[in-house]
Amino acid sequence: MHFLKSIVAGITVMLVCTGMVLAQQQQPQQPQQQMPDVPAPEDIDDDELETFVEASDAIQPIQEKAQGDMQTVIEDEGMDIERFQQIMMAMQNPQMSDQVDISSEEEQAIELMQPKLRDIEVEASDEIRNEIADKGLEVERYQAIFMSLQQHPELMERLEELMDE
């Protein structure tokens, strides 16, 4: 259970730090990646769950390094992580934008960070995709299992039982 919480935390930090930055930079002609359908727990066998755990264990160090690298970039620009996250949320959410004052210095810092954060995210994403594939899963299936674990407590229980064996 601990490993899954750290995965969720890692993915959350990466998404908050980079997803919002990258969303602003996306070209309109680029197709949006669709999220996979969430499979029912009975559509995921124990072997797949074990492979999912192996893949998750393999990508955790990649996520941790990327998070550290992103934090370093943000802090090197003189901004703390919470403020960066607040600004990113405000930039993505029109309802919040009126509630957050962003100084011109902060705007410049964000502008300087974006290419660096994008490079870190792209490199980490490539490494993560390779690790997932090396473990024998397609990235889309990995994402689908991850989403199913979040939505189906009984699948999470099955995973925990497998890990206890």
Side-chain angles (χ1 to χ4, degrees), residues 1-27 30 32-36 38 48-93 96-97 99-103 105-152 155-156 159-160 163:
M1 183 69 170
H2 173 70
F3 99 93
L4 203 53
K5 286 183 181 176
S6 63
I7 290 171
V8 171
I11 290 173
T12 302
V13 171
M14 278 186 83
L15 289 175
V16 169
C17 288
T18 61
M20 293 179 181
V21 172
L22 296 174
Q24 293 175 344
Q25 297 296 315
Q26 278 187 334
Q27 302 295 327
Q30 290 178 335
Q32 288 284 72
Q33 179 182 359
Q34 279 193 315
M35 293 306 290
V38 178
E48 250 189 330
L49 278 178
E50 288 177 10
T51 303
F52 175 86
V53 170
E54 291 170 11
S56 296
D57 288 344
I59 67 175
Q60 187 172 358
I62 299 167
Q63 291 171 325
E64 290 171 359
K65 181 184 180 317
Q67 289 170 7
D69 292 348
M70 288 177 192
Q71 288 176 346
T72 300
V73 167
I74 294 165
E75 291 167 353
D76 285 352
E77 289 300 326
M79 191 175 294
D80 82 21
I81 303 299
E82 287 180 33
R83 179 63 180 158
F84 176 80
Q85 291 172 339
Q86 182 183 40
I87 292 170
M88 289 296 98
M89 285 185 219
M91 292 173 88
Q92 288 297 303
N93 184 345
M96 273 189 72
S97 63
Q99 301 169 6
V100 178
D101 289 326
I102 304 171
S103 70
E105 292 84 14
E106 288 173 326
E107 285 179 10
Q108 288 176 329
I110 297 284
E111 204 169 296
L112 288 172
M113 285 183 243
Q114 285 179 336
K116 297 172 190 173
L117 294 175
R118 187 173 30 263
D119 289 347
I120 293 167
E121 194 273 336
V122 167
E123 182 180 334
S125 292
D126 289 345
E127 289 179 36
I128 287 169
R129 287 180 193 284
N130 290 335
E131 284 295 332
I132 291 171
D134 287 349
K135 298 301 177 197
L137 280 176
E138 293 180 9
V139 172
E140 294 77 17
R141 184 65 178 172
Y142 178 90
Q143 291 170 330
I145 293 170
F146 181 79
M147 291 168 46
S148 187
L149 282 164
Q150 291 179 314
Q151 294 180 17
H152 300 285
L155 183 60
M156 180 64 79
L159 176 71
E160 289 172 358
M163 292 175 64

### Message
Walk me through whether Ile87 and Met79 qualify under side chain to side chain contact (heavy atoms under 4.5 Å, CB included).
### Response
CA-CA 11 Å; Ile87 292 170; Met79 191 175 294; 4.0 Å; yes
### Task
For the pair Glu127 and Lys65, evaluate side chain to side chain contact (heavy atoms under 4.5 Å, CB included) and give the outcome as yes or no after the intermediate values.
CA-CA 11 Å; Glu127 289 179 36; Lys65 181 184 180 317; 5.9 Å; no
### Message
With side chain to side chain contact (heavy atoms under 4.5 Å, CB included) as the criterion, how do Ile81 and Met70 come out once you've worked through the C-alpha distance, each side chain's angles and the decisive distance to 0.1 Å?
### Response
CA-CA 9 Å; Ile81 303 299; Met70 288 177 192; over 6 Å; no
### Query
Where do Ile128 and Val139 land on the side chain to side chain contact (heavy atoms under 4.5 Å, CB included) test, with the steps shown first?
CA-CA 9 Å; Ile128 287 169; Val139 172; over 6 Å; no
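Leu49 places a side-chain heavy atom less than 4.5 Å from the side chain of Leu155. Here the side chains of Leu137 and Gln143 are not in contact, with every heavy-atom distance at 4.5 Å or above. Counting heavy atoms from C-beta on, the side chains of Met88 and Ile110 come closer than 4.5 Å. At a threshold of 4.5 Å between non-hydrogen side-chain atoms, the residues Phe84 and Val73 do not count as touching. Residues Ile59 and Tyr142 are in side-chain contact: their nearest non-hydrogen atoms beyond the backbone lie under 4.5 Å apart. Annotation: side chain of Met113 is not in contact with side chain of Lys116 (no heavy-atom distance under 4.5 Å).
Evaluation of the side-chain contact (heavy atoms from CB on, under 4.5 Å) rule for Ala58 yields Glu131, Lys135 as partners, not counting sequence neighbours. For Asn130, the side-chain contact (heavy atoms from CB on, under 4.5 Å) test picks out no residue, with sequence neighbours left out.
Using modelled atom types and a 3.5 Å distance limit, the side chains of Gln71 and Gln67 yield no donor-acceptor pair. Residues Ser125 and Glu121 have side chains that bring a donor and an acceptor to within less than 3.5 angstrom of each other.
A distance of 9.5 Å separates CD in Gln86 from CD in Gln99, rounded to the nearest 0.5 Å. Note that CD of Glu160 and CG of Leu149 are 9.5 Å apart. Values are rounded to the nearest 0.5 Å. Rounding to the nearest 0.5 Å places CG of Asp76 at 11.5 Å from CG of Leu112. Residue Glu54 holds its CD atom at 13.0 Å from CD1 of Ile132, rounded to the nearest 0.5 Å. The CD1 atom of Ile74 sits 7.5 Å away from atom CD of Gln85, with the distance rounded to the nearest 0.5 Å.
Of the possible polar contacts, one joining the Ser56 side chain to the Phe52 backbone as a donor-acceptor pair under 3.5 Å is found.
One finds a salt bridge joining Arg141 and Glu48 here, because a Lys/Arg side-chain nitrogen approaches an Asp/Glu carboxylate oxygen to under 4.0 Å.
Across all non-hydrogen atoms, the minimal contact from Ile120 to Ala66 is CG2-O, 3.8 Å.
The 12-atom threshold is exceeded at CD of Glu75, counting heavy atoms of other residues, nucleotides or ligands nearer than 6.0 Å.
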